[in-house]
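Here is the structure we will look at.
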Amino acid sequence: WQPSEDTSLSILLNLQENHSTPSLQFFPIEATKIAGKTLTNHTYGGEPGIDRYDTKQTSVNVLFNHKFNERYSLSANARYVHSSADYVEHTLVPPGIGSLIGALPEGNYHRILYAADHTTDVFSGNAILTAKYDIGAVAHTLQLGTDYTYAERDRHTLPPNAALFGVPYTYAGFIDLFNPAYGNFLTTIPELSDYLAIEEQQVGLFLHDQIKWDNFIVSLGTRYDDYQLKSNKTATDSQENWSFDAGLMYQFDNGVSPYYSYAESFEPQGINQFTNAPLKPKSGTQHEVGVKWMPSENTLVTASYFQVEEENRTINTGTSVTQSSSVEVNGAELAIRHRYRDLHFQASYTYLDTANNDLTGSPQLPGVPEQQASAWITYRPESGPLDDFRAGIGARFNGSSGDGRDQISTSSHTLIDAMVGYRWKDLDIQLNVTNLFDRQYVQSREFSPSFNATNAFLGQDRAINLSATLTF
């Protein structure tokens, strides 16, 4: 609704229901090394007739914008989300732990069952007042704002099982991964008798100023956060934080723009799902230097180098949650976008040197490749008989990654994606295919301290998505 050129109000309603199975399936690394046998994405270690991840979500968004005059404007947004999830999964037990339950032939693994019902209600909103004004030759864009989030989360799970190290699982028999037979053990879900209720509230206040003088652009900002956590199983937890950010850029007349930026982050982590104890907030700092070059309106090249330091990063192993006290990331990025007539080209390269300083030798973070690259080309004619048609193809490269201890490495892989689309009047149809040639690969191998074992995660196989959008 737009009653005037200066005022607009939008209300968005979204209803979504998904029925699927748990997608984060892992295999003991030993299962990927059995001579003469190969695991594929069609191998399922759970129970197809029982495992599920069914979700429902209803959300309402309200977007409001008003321009008072050439200097002042206001934007305010609100969002309410109600969601529920029914989750059941059989998880494979690595041989090292499984041997404590009982020895099995090669290729056979014990399983444990996890089940949970989740209900979540979240209300969030923000309001930002923007003022644009000049002081002499200096132009300011000043923003003063606040945001608010309130969330209620209810969860029912299996009770802690003393026979399984106190985690909320129950024993669910064993399976031969290379000749699976289903429905031989647990066909009903035990009562979900353990109840957890969480209330979270976060209020933020922020002030930001973008300053332009001659060819200089300066950005300065500060933010205050107040976070409150309540639970039926823990005492109230309160967290407060001030954070700051700053940036400086100089725009040369030849299209070259070097810059420097500094930013601080604060992110509450909620409750440890296994111990129900409050988690410490994740915090970090980032320094970044780079350059942007725009030799023409059809070409943009960016290069950057950054250093990130984090504290209290959350690591979920599947049976426990831990927080690292010191993580470092040093990285560099190079990206290019170019348009030549009806062809649009983009490519990027990223190098990441990561380190978990909590462990001896500061090993690389698990599942994070040192090198990543991608390239994509799109054909999108702007005139002629094909002006409503578009098609694209590209490649993604993920370099080798570690297991979190620098003992086992995951090989690199390259995937091909494609897209084709067509617009007819107010109807737009697009077909996207990822992993076009359905390559089978291991996405990552990660060490689990809880099981004292390394798990292997297979990569996503070919995925086809067809979408249709109608505008009116």
Side-chain angles (χ1 to χ4, degrees), residues 23 41 254-259 261 286 288-308 329-354 364-384 386-402 409-423 428-445 457-467 469:
S23 59
N41 281 328
N254 60 2
V256 176
S257 301
Y259 69 91
S261 67
Q286 176 173 319
E288 181 174 335
V289 293
V291 61
K292 298 182 179 181
W293 179 43
M294 194 170 184
S296 70
E297 62 179 10
N298 294 327
T299 304
L300 174 63
V301 181
T302 61
S304 64
Y305 172 79
F306 51 88
Q307 294 180 328
V308 179
V329 179
N330 296 315
E333 292 182 339
L334 177 64
I336 181 172
R337 291 176 177 268
H338 180 68
R339 174 186 170 188
Y340 177 73
R341 295 182 178 177
D342 294 333
L343 295 177
H344 301 254
F345 174 78
Q346 60 187 62
S348 65
Y349 170 80
T350 302
Y351 173 81
L352 296 175
D353 179 15
T354 63
Q364 180 183 1
L365 293 178
V368 181
E370 279 191 346
Q371 300 185 73
Q372 299 177 73
S374 65
W376 183 269
I377 187 168
T378 302
Y379 174 65
R380 184 181 297 155
E382 294 188 352
S383 61
L386 296 177
D387 60 347
D388 292 320
F389 172 81
R390 62 188 180 277
I393 192 167
R396 292 176 287 134
F397 168 79
N398 277 311
S400 60
S401 61
S409 177
T410 301
S411 300
S412 61
H413 60 269
T414 300
L415 304 176
I416 305 298
D417 304 326
M419 174 275 294
V420 63
Y422 187 80
R423 183 175 185 86
D428 189 274
I429 299 176
Q430 181 163 309
L431 177 69
N432 290 83
V433 182
T434 57
N435 192 2
L436 180 63
F437 299 109
D438 200 23
R439 178 177 178 180
Q440 303 293 304
Y441 63 99
V442 177
Q443 177 69 38
S444 65
R445 295 180 173 93
F457 296 84
L458 298 187
Q460 175 68 49
D461 52 9
R462 182 194 293 123
I464 301 174
N465 182 64
L466 177 64
S467 62
T469 304

Restricting to non-hydrogen atoms, name the atom on [X] and the atom on [Y] that form the minimum distance, rounded to 0.1 Å.
X      : Y      : result
Tyr259 : Ser304 : OH-CB, 3.4 Å
Asn398 : Pro369 : OD1-CG, 3.9 Å
Phe306 : Leu352 : CZ-CD2, 3.7 Å
Asp342 : Pro381 : CG-CA, 3.4 Å
Gln443 : Thr410 : O-CG2, 3.8 Å
Asn330 : Gln307 : OD1-CG, 3.1 Å

Using a 4.5 Å cut-off on heavy atoms from C-beta on, say whether the side chain of [Y] contacts that of [X].
X      : Y      : value
Arg439 : Leu415 : yes
Thr378 : Phe345 : no
Trp293 : Thr299 : no
Leu458 : Val442 : yes
Ile429 : Tyr422 : no
Ser374 : Ser348 : yes
Tyr349 : Phe397 : no
Ile377 : His344 : no

Out of curiosity, [X] [atom1] to [Y] [atom2], how far, rounded to the nearest 0.5 Å?
X      : Y      : atom1 : atom2 : result
Leu343 : Tyr379 : CG    : OH    : 8.0 Å
Leu386 : Glu382 : CG    : CD    : 13.5 Å
Ser409 : Gln364 : OG    : CD    : 7.5 Å
Tyr441 : Phe457 : OH    : CZ    : 13.5 Å
Ser296 : His338 : OG    : NE2   : 7.0 Å
Ser467 : Asn432 : OG    : CG    : 6.5 Å

Item to check | Stepwise side chain to side chain contact (heavy atoms under 4.5 Å, CB included) test for Thr302 and Val291 | outcome: CA-CA 6 Å; Thr302 61; Val291 61; over 6 Å; no

Sub-3.5 Å donor-acceptor pair from the side chain of [X] to the main-chain atoms of [Y], do we have one?
X      : Y      : answer
Thr354 : Leu365 : yes
Arg337 : Leu300 : no
Arg396 : Ile416 : no
Asn435 : Gln460 : yes

Item to check | Ser411 vs Ser400, side chain to side chain contact (heavy atoms under 4.5 Å, CB included): CA-CA, chis, key distance, verdict | outcome: CA-CA 5 Å; Ser411 300; Ser400 60; 5.9 Å; no

Checklist entry - Run the side chain to side chain contact (heavy atoms under 4.5 Å, CB included) check on Phe389 and Arg423 step by step: do they pass? => result CA-CA 7 Å; Phe389 172 81; Arg423 183 175 185 86; over 6 Å; no

Checklist entry - Checking side-chain hydrogen bond (donor to acceptor under 3.5 Å, both in side chains) for the pair Asp428/Gln430: CA distance, chi angles, key distance, verdict? => result CA-CA 7 Å; Asp428 189 274; Gln430 181 163 309; over 6 Å; no

Checklist entry - With a 4.0 Å cut-off, would you call Asp388 and Arg380 a salt bridge? => result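 No salt bridge links Asp388 with Arg380.
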
Next on the checklist: Let's go through Asp461 and Gln440 carefully: what are the C-alpha distance in whole Å and the side-chain angles of both, what is the deciding distance for side chain to side chain contact (heavy atoms under 4.5 Å, CB included) to 0.1 Å, and is it a yes or a no?
Outcome noted: CA-CA 7 Å; Asp461 52 9; Gln440 303 293 304; 4.0 Å; yes

Checklist entry - Arg462 and Asp417: salt bridge (charged side-chain N to carboxylate O under 4.0 Å, His left out), yes or no, with the steps? => result CA-CA 9 Å; Arg462 182 194 293 123; Asp417 304 326; over 6 Å; no

